[in-house]
Amino acid sequence: MNYIEHIGKYYLMLKQVFRRPQKARIFYDALLREVEELGLKSIGIILFISFFIGGVIALQTALNLDSAFIPESLIGFAAKRSIILEFAPTFCSIILAGKVGSYITSSIGTMRVTEQIDALEVMGINSLNHLVLPKVIATVFFYPFLITLGMVLGMFGGWLAGVLSGLFSGVSYIEGLQTDFNPFLIAYSLIKTLAFAFLIATVPSYHGYYVKGGSIAVGKASTQSVVWTTILIVITNYLLTQMLLT
Amino acid sequence: MIEVKDLRKGFGNVEVLKGISTTFHPGKTNLIIGQSGAGKTVFLKSLIGLHHPESGSIAFDGRLNTNFTIEEKRQWRQEIGMVFQGSALFDSQTVEENVIFPLKMFTNQTQSEMLDRVNFVLDRVNLKQSNHRFPAELSGGMQKRVAIARAIVMKPKYLFCDEPNSGLDPQTAIVIDNLIQEITEEYQITTVINTHDMNSVMEIGEKIIFLKDGIKEWEGSSEEMFKTDNEAVVNFVYSSNLFKKVRQAYLNETNL
């Protein structure tokens, strides 16, 4: 199957996904389950990575700014910009594409090869709507919150790295964080997050739903889904940056 | 009653079903047999609407499934119970959650009404005290019984079973066979079973259809199967010495 066919099939899948749920109560239960599975269970890894990445960004910036003519507060300023613009939304989304994407593909793929999806269809249930829509809603609504947490913890990691290493003072770092604050950059970052969250839910679902074969096919589909989600995140990141910031 | 007329289905250039016509009556266990690759599963999946036939018709109590409106199709789906080869239980849900799922999805019953019905069908398939266990904690035979319970919880008019005995020991297989036959008679369901198990054919086959290379090679009752001289059926069904002896004994007994 060529790329055009895959794109067409993906859009046809979305058409089935975005239908009114057949039973609100069941949809609501599924949504809460997905918020826990795809969102709450990802908080730990995102906080951990954000904290250390924030620290590394601050240390790298400090080590590369050794001129007496550059104010020390620039470290905080540069760290803030890097974290808000790229590291929190893009880097964390790529991590989530790996963690959550492989989970989605393998869980839906296993349902496919064990005929659980056929069982849903025989009962008269729109399986795409039943399985994928709660995932899309859960990620799109929860990931902005997750990424915001990542931003905060990343900046805190930077501050702590400076304080512990003695490379820069905590006060100047905070001064840098407060300098030239532009709320649109947060909006830009969250818009990107919404787009990435949509991709993280739908691309792995596509790979899992249309898998054919057995356990090896499910494994291959999981790998492919992570690769394709990452590629699409990178491309979308470029396109959104071009559209929103230039 | 299900009436199938000239059903054809292919994948790419391969024609799998080459014009099958037959009728399945309510209250009877109808068995589809044949070698691997004969088209049994494709036939069964075409009957339940998971495959779309290229031509031919399937009528459920006179209603052509190709003419269904969306609402009629939804209604028809709820009249179908299906037991898959691997049970196809939702592995993230308990036995009770699996069985209650269609009720939650399609009825407006209260929780206690639904639980009463779930306990009734679990009791009917002799599966008590397992409501809160997960499918992975059950034996193959128990999983099949849960699948049967889920299939009949909505009181279906049509029950389809794809290899219900595969992977089960002979004793458990007979229990499952008898259960399906009892339920079929009790609720006057039109049951269609796809099987390789010759014990099932002998035990519960009230109407047997033998498929060969996508064609209906033979059909009749289990009694007629003993008497048939159709070479393909004889070679397939009586391939083991045991069944050859059983057949010979039957023919001697009936002086045929």
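Just so we're on the same page: letters track the sequence lines, and every chain starts at 1.
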- Please determine if K45(B) and E115(A) form a salt bridge, counting it only when a charged side-chain N lies under 4.0 Å from a carboxylate O. yes

- Top contributor to chain A contacts, counting heavy-atom pairs under 4.5 Å, from R150(B), K73(B), R77(B): R77(B)

- Message: I'd like to know if E86(A) pairs up with K192(A) as an ion pair, taking the criterion as any Lys NZ or Arg NE/NH1/NH2 lying under 4.0 Å from an Asp or Glu carboxylate oxygen.
- Response: yes

- Message: Looking only at heavy atoms and a cut-off of under 4.5 Å, which of E79(B), R74(B), M105(B), K104(B) has the most pairs with chain A?
- Response: M105(B)

- Can we say D29(A) and R25(A) salt-bridge, meaning some charged N sits less than 4.0 Å from an Asp/Glu carboxylate O? yes

- Which one of D118(A), T114(A), I117(A), T110(A) has the most heavy-atom pairs closer than 4.5 Å to chain B? D118(A)

- Item | Ion pair E54(B)/R8(B), N-O distance below 4.0 Å | no

